[in-house]
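All of these numbers come straight from a predicted model, not from anything done at the bench. Just so it is clear: chains get the letters A, B, ... in the order the sequence lines come, proteins before strands, and each one is counted from 1.
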Amino acid sequence: MRVKTRFAPSPTGYLHIGGVRTALFSWLYARHHGGSFVLRIEDTDRERSTEASIQAILTGMAWVGLDYDEGPFRQTERFERYTTVAAEMLARGTAYRCYCSRDELEAMRAEQVARGENPRYDGRCRDRQAPVAGVNPVIRLRSPREGSVTVHDLVRGDVSFSNADLDDVILMRSDGVPTFHFGVVVDDADMGITHVIRGDDHLNNTPRHIHIQQALGVPVPVYAHLPMILGADGTRLSKRHGAVNVLEYRERGYLPDALLNYLVRLGWSHGDQEVFSREEMIELFDIAAVNAAASRFNPDKLGWLNQQYILARDRSQLAAEFGAFMDLRGLEHDQGPPLEQVVDAYRERAVTLEDMAQASTYVFHDFAAIDAKAARQHLKAGTVPVLSQVIERLEALPGWQREVIHDVLQAVAAALGIGFGKVGQPVRVAITGGTVSPPIDVTLQLIGRERVLHRLRQALQLAQAQPPVS
RNA sequence: GCUCCCUUCGUCUAGCGGUUAGGACGCGGCCCUCUCAAGGCUGAAACGCGGGUUCGAUUCCCGCAGGGAGCGCCA
């Protein structure tokens, strides 16, 4: 049997990080087994579904590189099919029309809760023969009232539910739109889905879905319910935990490979291995090794992984990604050095591409002002000789390579009888406006001769204006 | 309230009856060093509680506690 999995998000918002993890595991399972992966948009909630959400989902999937073999399908394009299936069920008696009003149902549930029971539909319309005038009925499943259903879950083992605790789910709403329960089951069957891999918030829905499958006479797919991803504080992931929308990770300069690598280790492991290429993930992924417990999202570890990927990336590829990132963020980089050089200088000190862009602004643009504290500490009257000598020797330099620049700074330190740091720091502050940068010779080389000399002269003036130290 | 699920360092996890309970992130220390990093070495840090089963339980079973999910004409 050829494996076929699917990811079936509802377009009621952006694609969030938990959804990506679910999609990733389904995708991995399909790829590992040489099967196919389907994307299906479950847009039967016409109130909340939006076109913008569908686009956000497609963009998100494309960004992380989870490709699908079929789809995207949309349930709103399949309404005829659900209507047909529901009619067949009605004809066979596996479903029935229910005329209960919402108020009536609500009152019923309130009574049940008051009695300490699990609120559920009591089946009062099961045997009704005559329609109620003026009421558009819903269609409910006639589900078994005795016995039990067992979900054979790949990550949790067998989970049984008593049929007495389940009720007759609504298949079709009174306006003729299928419910989620009906839509998934019909679609999974029609599309030949063999393995349903989804969040464990659906575990409680599964026995109902099995009832529908049995009523339909279609095969029950293999189920695997994945543990949830919680926020760092152990509560349900939400905006206050930071970014939950995948596309925010793109905007913050995370690499999709790093994000996927982080996500795959949430609930899954392969011994002590932490870093997995896509190929390794596909090769090693095993649903049986998936943990059953929920896990918390740890931004620090994601950051560490992101830097690992930045560090290991091929320089021209990283440069291209960095350029794309700057373009996305509207950061101009035409006036700076080649991005390959920038990326090499900054990858060791950047967790994200955003960090890299932020840390390297002065190689692309002049800064507004030198950081006051840095100037106070490093551009004093005493540094005048240092700066003048550096300027003088750099002006005389025929070339502009890191090695010769380094020799100049070394020579200044020697001539003045001071340590290299006493030369490096003032120069760093003068040309970057701050105290942090890549090695000073690399930084000078990157910024370029003209800009460096200009900034050094300005810093010299500033230092000369300082009162002499006692 | 009812049903279902879960429980190893702060976090992600390894472990699948006998281990000095391993790795990773983060945190501390040391080294390297022109700043910041990166890197190397190193330290602190965990089996929720109570019963069983067993010669022996982190591991198997049962309770409890804690956490989570679901109980819609949402998905």
Practice task
To the nearest Å, give me how far apart CZ (A/Phe7) and P (B/A75) are.
Solution key: 16 Å
Handout entry: Cation-pi geometry met for A/Arg128 and A/Tyr96 (6.0 Å, 45°)
Key = no
Practice task
Please report, rounded to the nearest Å, how far the P atom of B/U13 is from the NE2 atom of A/His270.
Solution key: 16 Å
Handout entry: Presence of donor-acceptor pair under 3.5 Å, side chain of A/Arg428 and base of B/C34
Key = yes
Exercise for the section: Would you mind pulling out the nucleotide paired to B/U19, Watson-Crick or G-U wobble, both distances under 3.5 Å? Expected result: none
Practice task
Quickly work out the A/Asp272 CG to B/A21 P distance and round it to whole Å.
Solution key: 16 Å
Problem - Between B/A21 and B/C36 - P atom distance, rounded Å - result: 39 Å
Handout entry: Verdict with supporting geometry, A/Asp257 and A/Arg313, salt bridge (Lys or Arg N to Asp or Glu O under 4.0 Å)
Key = CA-CA 11 Å; A/Asp257 290 352; A/Arg313 210 68 149 188; 3.3 Å; yes
Handout entry: Pairwise C1' distance, B/A24 and B/G15 [rounded to whole Å]
Key = 16 Å
Exercise for the section: Whole angstrom is fine here: how far is it from CZ in A/Arg296 over to P in B/A24? Expected result: 22 Å
Practice task
Give one of base, sugar-phosphate or nothing for A/Leu266, where a contact means two heavy atoms less than 4.0 Å apart.
Solution key: sugar-phosphate
Practice task
Assign A/Pro9 to base, sugar-phosphate, or nothing according to its heavy-atom contacts below 4.0 angstrom with the strands shown.
Solution key: nothing
Handout entry: Below 4.0 Å: OP1/OP2 of B/A69 and any side-chain N or O of A/Arg236
Key = yes
Handout entry: Nearest-neighbour nucleotide for the A/Asn118 side chain, B/C2, B/A75, B/C73 considered
Key = B/C2
Exercise for the section: May I ask you to say what A/Arg120 touches in the nucleic acid, namely base, sugar-phosphate or nothing, with a heavy-atom cut-off under 4.0 Å? Expected result: nothing
Problem - Options B/C73, B/C34, B/C6, nucleotide nearest the side-chain atoms of A/Ala292 - result: B/C6
Problem - Sugar-phosphate only, base, or nothing, as touched by A/Gly303 at under 4.0 Å among non-hydrogen atoms - result: nothing
Practice task
Would you sort out whether A/Asp355 and A/Arg349 count as a salt bridge (Lys or Arg N to Asp or Glu O under 4.0 Å), showing the intermediate values?
Solution key: CA-CA 8 Å; A/Asp355 291 344; A/Arg349 53 217 99 220; over 6 Å; no
Handout entry: Whole-Å P distance, B/U53 and B/U58
Key = 16 Å
Completion exercise
Among the nucleotides B/C73, B/A69, B/C6, whichever has the atom closest to the side chain of A/Asn204 is B/A69
Completion exercise
Quick note, A/Trp304 side chain, CB onward, closest among B/A75, B/C25, B/C34 is B/C25
Problem - Whole angstrom value for the distance that separates C1' of B/C16 from CG of A/Asp286 - result: 14 Å
Exercise for the section: Using a 4.0 Å heavy-atom cut-off across all strands, classify A/Phe297 as base, sugar-phosphate, or nothing. Expected result: nothing
Practice task
Flag the pair A/Asp167 and A/Arg140 as a salt bridge only when some basic side-chain nitrogen lies within less than 4.0 angstrom of an acidic carboxylate oxygen.
Solution key: no
Problem - Check: A/Phe180 ring centroid to A/His209 ring centroid under 6.0 Å - result: yes
Problem - A/Gln308 vs B/G39: side-chain N/O to OP1/OP2 distance below 4.0 Å - result: yes
Practice task
Using a cut-off of strictly less than 4.0 Å, decide whether A/Ser269 has a side-chain nitrogen or oxygen near OP1 or OP2 of B/A14.
Solution key: yes
Exercise for the section: Using whole Å, report how far CZ of A/Arg115 lies from C1' of B/U3. Expected result: 17 Å
Practice task
Scan A/Asn291 against the nucleic acid and name what it touches under 4.0 Å (heavy atoms): base, sugar-phosphate only, or nothing.
Solution key: sugar-phosphate
Fill in the blank from the handout: With the side chain defined as heavy atoms from C-beta on, A/Gln425 is closest, among B/A69, B/U35, B/C36, to B/U35
Practice task
Kindly determine whether A/Arg78 and A/Asp190 satisfy salt bridge (Lys or Arg N to Asp or Glu O under 4.0 Å), including the steps that lead there.
Solution key: CA-CA 11 Å; A/Arg78 292 173 41 81; A/Asp190 285 353; 2.7 Å; yes
Exercise for the section: Round to the nearest Å and state the distance from A/Asp168 atom CG to B/C73 atom P. Expected result: 12 Å
Practice task
Looking at every strand, decide which applies to A/Ser162 at a 4.0 Å heavy-atom threshold: base, sugar-phosphate, or nothing.
Solution key: nothing
Practice task
Classify the nucleic acid contact of A/Arg265 as base, sugar-phosphate or nothing, counting any heavy atom under 4.0 Å across all strands shown.
Solution key: base
Exercise for the section: Among the candidates B/A75, B/G23, B/G39, find the nucleotide nearest to the side-chain atoms of A/Glu42. Expected result: B/A75
Practice task
Establish whether the base of B/C36 is bridged to the side chain of A/Arg349 by a donor-acceptor pair shorter than 3.5 Å.
Solution key: yes
Practice task
Check A/Asp344, A/Leu311, A/Leu353, A/Leu339 against A/Leu318 for a side chain to side chain contact (heavy atoms under 4.5 Å, CB included) and give me the one that passes.
Solution key: A/Leu353
Practice task
Among B/C71, B/U3, B/A37, find the nucleotide with the atom closest to the side chain of A/Arg208.
Solution key: B/C71
Handout entry: Short side-chain N/O contact from A/Ser295 to OP1 or OP2 of B/U13, under 4.0 Å
Key = yes
Problem - Integer-rounded Å distance: B/G26 C1' and A/Leu302 CG - result: 14 Å
Exercise for the section: For the side chain of A/Glu348, starting at C-beta, report the closest nucleotide among B/C25, B/G1, B/A38. Expected result: B/A38
Exercise for the section: Using a heavy-atom cut-off of under 4.0 Å over every strand shown, decide if A/Pro439 touches base, sugar-phosphate, or nothing. Expected result: base
Practice task
Please measure how far the C1' atom in B/U8 lies from the corresponding atom in B/C47, and state the result in whole Å.
Solution key: 4 Å
Practice task
Please check the phosphate of B/A75 (OP1 and OP2 only) for any side-chain N or O of A/Thr179 closer than 4.0 Å.
Solution key: no
Practice task
May I ask you to verify if any side-chain N or O of A/Arg109 is less than 4.0 angstrom from the OP1 or OP2 atom of B/C73?
Solution key: yes
Practice task
Using a 4.0 Å heavy-atom cut-off across all strands, classify A/His225 as base, sugar-phosphate, or nothing.
Solution key: nothing
Practice task
With heavy atoms under 4.0 Å as the rule, sort A/Gly421 into base, sugar-phosphate or nothing.
Solution key: sugar-phosphate
Practice task
Before accepting this row, confirm whether a basic side-chain N of the pair A/Arg120/A/Asp165 lies closer than 4.0 Å to the acidic partner's carboxylate O.
Solution key: no
Practice task
Indicate whether OP1 or OP2 belonging to B/A38 is found under 4.0 Å from a side-chain N or O atom of A/Gln307.
Solution key: yes
Practice task
Report yes if a donor N or O on one partner sits less than 3.5 Å from an acceptor N or O on the other, where the partners are the side chain of A/Asn205 and the base of B/A75; otherwise report no.
Solution key: yes
Practice task
Looking only at side-chain atoms of A/Val436, point me to the closest of B/C6, B/C4, B/U35.
Solution key: B/U35
Handout entry: Distance, P atom - from B/G50 to B/G66, rounded to whole angstrom
Key = 16 Å
Practice task
Taking the six-membered ring for Trp and the single ring otherwise, decide whether the centroids of A/Phe297 and A/Tyr262 are under 6.0 Å apart.
Solution key: yes
Problem - Side-chain ion pair, A/Asp122 and A/Arg124, N-O less than 4.0 Å - result: yes
Practice task
Quick one: label A/Val159 by what it contacts on the DNA or RNA (base, sugar-phosphate, nothing), any heavy atom closer than 4.0 Å.
Solution key: sugar-phosphate
Exercise for the section: Tell whether A/Asp201 reaches the base of B/G70 with its side chain through a donor-acceptor pair below 3.5 angstrom. Expected result: no
Problem - Pairwise C1' distance for B/G48 and B/C32, with rounding to whole Å - result: 43 Å
Problem - Partner nucleotide, any strand, of B/G39 [Watson-Crick/G-U, under 3.5 Å] - result: B/C31
Fill in the blank from the handout: Picking from B/G1, B/G23, B/C34, the nucleotide nearest the side-chain atoms of A/Pro119 would be B/G1
